[in-house]
Amino acid sequence: MQDTSSLALSLARLNEFRRNINVALSALRVLRSGVLALCTFLLWAWVSPEAWGQQVAIFVVSLIVFLVLGWQKGLRLSSMSEWLLSLEMANPQSNKSAFHLPKDNALDSTWNQLIYTELERHKKEGWRLLISKGASLLLPLVFLVILSQTAGQAWESALQSLERAALSLTYGARMRVVEGMPDADPGLIKLSRKTQEFTVLEQNLIEVLVTAQPESAPSLQLKDSKGKSLQTFRLVKAAGPEGNETTGRFSVTFALTEDAQIFLSTISTSTPTAVFKVKRLPVPDVTLTTIADPEEAWPDDKPLPLDIFVKAEHPLQSVQLIIKAGERTHKELVTEVLAQDKMDLETSYSLPLESYMDKDEQELEIVAEATDRAITGPLVGRSKPLVIKVVSAYGRYQLTLRTLAEAKKEIDMALQGKDGFNAKHLTELGQKAVKQAEDSPYFDGLDRHQIRLFQQTFDAIAKKPDMELTVQVSEDLNRFLFEHESLDDRERDRDFFVAARTLSRLLEQKAEERKVPVNKMVERTKNFLAERHRRWERRMQNITPENRPQEWEQVQKKPFTQALAQIEKMDTSKPPQTDDALQKLSQTVEQYRQWIEALESKEDLSRAEQEKQRQQGLANAQNQLRELQKRQSSVSTKLDKSGEREEKDLQEAWASVRMDQNSNIKGTRELESQLRSMSPTAGERMKAAVAAMEATVNSGNENQFGEAESASDMAGRLLQQAESAARQSQRDNGKRGRRRRVTSDQYYGNQVAGGDVDLRRDYQVNRRYREDVLDDVRELKKRESSEETDSLLEDYLRKVIR
């Protein structure tokens with residue numbers, strides 16, 4: 001039994017116990033609210049695992065709601081008067097009133113026992129309340145365990161979301177001027193929406209550090225004072241301990257050569273976060289311009305006109321151009337300034353480009369550089385780089401073919417009925433091809449005329465779509481591109497002989513006299529052969545296996561490249577084996593000649609066989625087309641004069657007509673798939689014929705026999721047109737190779753000697769269009785019946801139309 005001899009001491013112990021119970025109850029309420037909020041948080045993380053911002057918001061809101069709803073008053077602390085009243089009411093049978101206890105210096109044993117009992121009773125009530133409130137925590141804990149097990153990965157995502165929400169308070173951007181600060185280094189500078197101004201030296205280095213979401217990948221943009229974009233950086237994520245799964249730390253380091261504004265995507269893309277002014281030396285101010293369009297390729301055989309403007313604070317000494325082509329850098333002097341006091345210069349310069357070209361298509365970076373006569377030491381000013389795309393004559397030839405190939409794709413999209421067809425783009429491609437062809441000597445007058453015809457056809461198709469015209473221009477484009485691809489392959493093969501002659505002359509010269517090193521020439525020739533090998537592999541795919549040249553197996557091992565490596569080794573040996581190298585080169589050239597002649601011979605043979613098969617296929621297709629025409633004519637005859645016949649008779653005969661028509665539809669479809677690759681125009685006609693036949697069947701099923709008759713007649717005419725197109729494709733055999741050159745047996749305008757003009761004298765008229773008609777008309781004249789004559793003539797007219 002505790003000492004309760006002092007009434008004040010017992011009251012203090014009671015109030016201390018109640019305070020402890022209130023603290024425990026508050027902790028239980030907070031814990032319960034946290035568990036319930038965490039359950040809500042996990043439930044949302046399960047539903048939307050990527051929406052971590054929503055998860056955090058829901059957690060915070062639900063925590064506040066549960067805290068408010070679970071708030072209760074704790075046990076109230078008692079005063080002395082309340083404590084005495086409580087003792088009096090609890091012990092009414094005592095001899096001495098509880099209100100007299102404060103007058104006594106010490107409690108008697110009776111009241112000491114009574115106060116102790118009362119304290120124990122209050123403690124039991126407090127513990128009972130605490131246990132009951134603690135029991136309310138069990139159910140939320142069970143839900144938390146179930147959700148954590150059921151949600152799976154959502155639990156980890158939820159924890160990361162909480163961590164990310166906490167770390168988001170540390171997000172921000174800082175900047176440090178690593179090098180180039182004219183004053184004392186301020187260290188890390190925090191960036192915000194408020195624009196800050198800095199001045200740096202010309203030799204500077206600036207680092208920007210950003211802490212943000214790990215998947216954000218911020219960007220930094222540099223703009224000049226007029227708002228024109230200079231450069232854009234994508235910040236790189238730091239590796240190692242600098243970044244983790246919930247926080248991304250990004251950085252970028254750059255140098256400024258001119259005044260610039262910095263825009264950071266994590267702060268603002270409209271307001272600069274920092275403005276830098278570059279403190280420069282008084283170097284000459286150089287401006288380089290040209291009339292050339294940077295979007296268009298410039299021909300290498302045409303000098304590039306340049307305008308150079310220089311303004312300096314000291315007298316000028318010289319102006320030169322620095323031309324960077326690939327990995328090579330060249331310098332070309334523009335002018336030496338002889339005047340000792342000239343500080344302004346304006347000049348025009350025509351830059352020849354052929355000597356700087358290593359490829360058929362190459363970008364040249366040109367910079368104008370001016371040097372002054374400053375006393376402390378010459379200062380050099382440079383212009384902004386001018387990037388020009390330059391193409392050789394052969395490059396322009398290839399560009400034209402690529403433009404036409406792109407137009408071919410647009411035409412094919414139109415034929416297939418795809419939504420991507422762009423008529424305006426097609427006309428632009430036609431105009432572009434005409435312009436490119438005019439600048440390329442690899443096209444002759446006939447080629448340019450053909451390309452202009454293509455352009456006119458493109459314009460016509462764009463203004464008024466025409467399926468027949470579209471099919472025809474697609475076929476003509478395909479033939480044109482095929483001819484030039486074949487011709488280009490054979491001409492490029494022979495460029496090896498030019499390279500071999502150049503290499504031979506270099507080998508004959510002494511090493512110190514050579515303008516181009518042998519190893520450089522060998523390297524270029526190897527690159528050329530690598531491209532030829534790729535083309536040879538493609539060409540071999542178009543040759544039937546039985547016609548492939550026997551040399552191909554050896555050529556696949558790249559013997560020409562190996563021979564060049566041996567020649568280079570002979571030249572670099574001590575002493576150089578020049579004679580052996582020249583002999584090896586001669587043998588390689590002869591072997592190369594035998595290979596390309598064998599390849600071309602087999603290509604011609606394979607194409608001849610393919611053409612023979614094509615001719616046979618077209619001949620067979622024409623025979624089948626005639627059979628289809630006969631069947632369709634039979635269908636049209638059974639539907640003849642539908643408007644003048646009884647509908648009952650037509651309905652009775654329709655079953656037989658429909659069977660014949662369906663049979664003809666099936667045959668036409670099968671022949672269309674076979675004929676389309678040999679004659680696209682005929683294929684389109686047969687496709688339209690199938691549609692007309694299907695319209696015949698649909699109209700007949702609805703007892704619209706007049707429309708069925710018209711559709712049947714249309715199908716018959718389309719089959720005739722398909723046969724005519726197939727016959728025309730068969731006659732176009734001579735157009736599949738390179739166009740014929742003018743020879744002595746062709747027409748020149750003042751004589752006819754066989755070649756282009758064919759005089760035919762064996763024209764005949766079908767008997768049914770002449771003798772049969774005349775015989776029937778004579779017979780009718782004897783009968784003198786105009787109605788029968790009109791009927792007979794109408795019948796023949798229908799047959800002629802069909």
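Atoms considered below: every heavy atom in the structure, side chains included; atoms not considered: hydrogens, waters and symmetry mates. Note that the coordinates shown come from a computational prediction; the quantities given were computed from them, not determined experimentally.
Comment: Arg490 engages Asp604 in a salt bridge, judged by a side-chain N to carboxylate O separation of less than 4.0 angstrom. Arg534 and Glu531 are joined by a salt bridge, as a carboxylate oxygen and a charged side-chain nitrogen come within less than 4.0 angstrom of each other.
When side chains are defined from C-beta on, Arg631 counts as touching Leu628, because their heavy atoms get closer than 4.5 Å. Put simply, the side chain of Asp571 does not reach to within 4.5 Å of the side chain of Ile567, judged on heavy atoms. For the pair Leu564/Leu503, a side-chain contact is recorded, criterion being any heavy-atom separation below 4.5 Å from C-beta on. Between Ser724 and Arg727, some side-chain heavy-atom pair lies under the 4.5 Å cut-off. Annotation: side chain of Leu401 is in contact with side chain of Phe480 (closest heavy-atom distance under 4.5 Å). Annotation: side chain of Trp552 is in contact with side chain of Met540 (closest heavy-atom distance under 4.5 Å). In this structure, the side chains of Arg538 and Arg535 come closer than 4.5 Å at one or more pairs of heavy atoms. Residues Asn664 and Val635 have side chains not in contact (no heavy-atom distance under 4.5 Å, counting atoms from C-beta outward).
A donor and an acceptor atom, one from each side chain of Asn620 and Gln616, are located under 3.5 Å apart. Judged by distance alone, the side chains of Gln455 and Asp459 do bring a donor and an acceptor atom under 3.5 Å apart. Between the side chains of Glu508 and Thr578, no donor-acceptor pair of N or O atoms lies under 3.5 Å. Between the side chains of Asn623 and Arg626, at least one donor N or O sits under 3.5 Å from an acceptor N or O.
Remark: His533 pairs with Trp536 by the ring-ring contact (aromatic ring centres under 6.0 Å, His included) rule, at least two apart or across chains. A search for side-chain hydrogen bond (donor to acceptor under 3.5 Å, both in side chains) contacts involving Gln629 returns Glu723, not counting sequence neighbours.
We find the CD1-CD distance between Ile451 and Glu438 to be 8.5 Å, quoted to the nearest 0.5 Å. To the nearest 0.5 Å, the span separating NZ on Lys331 from CD1 on Ile323 amounts to 10.5 Å. With rounding to the nearest 0.5 Å, the separation of CE in Met570 from CG in Asp580 is 5.5 Å. Note that CD of Glu609 is 5.5 Å distant from OG1 of Thr544, once rounded to the nearest 0.5 Å. With rounding to the nearest 0.5 Å, the separation of OG1 in Thr668 from CG in Leu719 is 5.5 Å. Remark: Ile388 CD1 to Leu353 CG distance equals 9.0 Å, nearest 0.5 Å.
Minimum heavy-atom separation, Leu364 to Ala325: CD2-CB, 3.3 Å. Summarising the geometry of Ala292 relative to Trp298, their closest heavy-atom pair is CB-CE3, 3.6 Å, with the distance given to 0.1 Å. In terms of heavy-atom proximity, Ser606 sits nearest to Asn542 at OG-O, 3.7 Å. The two atoms that bring Pro385 and Glu365 nearest to each other are CB-CG, 3.7 Å, heavy atoms only. Shortest non-hydrogen contact noted between Gln436 and Leu399 is OE1-O, 3.3 Å. Taking both residues in full, the closest heavy atoms of Ala726 and Ala682 are given as N-CB, 4.0 Å, listed atom of the first, atom of the second, then distance.
Atom NZ of Lys435 has 12 or fewer heavy atoms from other residues, nucleotides or ligands within 6.0 Å. Residue Glu546 qualifies as enclosed at atom CD: its count of foreign heavy atoms under 6.0 Å is above 12. Counted within 6.0 Å of NZ on Lys408, heavy atoms from surrounding residues, nucleotides or ligands total more than 12; the atom is thus considered enclosed.
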Side chains of residues 585-602: which donor-acceptor pairs under 3.5 Å do they make with residues two or more places apart or in other chains?
residue: Thr588; atom: OG1; partner: Lys584; partner atom: O; Å: 2.8
residue: Tyr592; atom: OH; partner: Asp493; partner atom: O; Å: 2.6
residue: Glu600; atom: OE1; partner: Arg494; partner atom: NH2; Å: 3.1
residue: Glu600; atom: OE2; partner: Arg494; partner atom: NH1; Å: 2.6
residue: Glu600; atom: OE2; partner: Arg494; partner atom: NH2; Å: 3.2

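The backbone N or O of Phe443 sits less than 3.5 Å from a side-chain atom of Arg448, completing a donor-acceptor pair. Side-chain atoms of Gln632 never come within 3.5 Å of backbone atoms of Met693 as a donor-acceptor pair (strictly under, hydrogens ignored). In this structure a side-chain-to-backbone donor-acceptor pair under 3.5 Å is present from Thr502 to Val498. Side-chain N or O atoms of Thr696 include one that pairs as donor or acceptor with a backbone N or O of Ser712 at under 3.5 Å. Although no hydrogens or angles enter the test, the distance criterion places no donor-acceptor pair under 3.5 Å between the side chain of Ser663 and the main chain of Met659. Panel note: side chain Thr427, backbone Lys424; a donor-acceptor pair is recorded below 3.5 Å. Judged purely by atom type and a 3.5 angstrom limit, Thr290 uses its side chain to pair as donor or acceptor with the backbone of Pro305. Between the side chain of Arg396 and the backbone N or O of Val391, at least one donor-acceptor pair lies under 3.5 Å.
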Check: Hey, mind stepping through Leu306 and Leu386 against side chain to side chain contact (heavy atoms under 4.5 Å, CB included) and telling me if it holds?
Finding: CA-CA 10 Å; Leu306 298 173; Leu386 183 65; 3.8 Å; yes
Next item on the list: Starting from the C-alpha separation in whole Å, work towards a yes-or-no answer on side chain to side chain contact (heavy atoms under 4.5 Å, CB included) for Glu332 and His330.
Entry: CA-CA 7 Å; Glu332 185 160 332; His330 310 269; over 6 Å; no
Notebook entry, point to check: So Asp300 and Ser392, side-chain hydrogen bond (donor to acceptor under 3.5 Å, both in side chains) or not? Walk me through it.
Noted result: CA-CA 5 Å; Asp300 68 336; Ser392 65; 5.1 Å; no
Notebook entry, point to check: Under the side chain to side chain contact (heavy atoms under 4.5 Å, CB included) criterion, do Leu718 and Arg685 qualify, and how do the steps go?
Noted result: CA-CA 6 Å; Leu718 288 169; Arg685 294 289 181 272; 4.3 Å; yes
Margin query: Would Glu627 and Lys630 count as a side chain to side chain contact (heavy atoms under 4.5 Å, CB included) here? Give the steps.
Written below: CA-CA 5 Å; Glu627 185 64 27; Lys630 291 179 182 179; 4.2 Å; yes
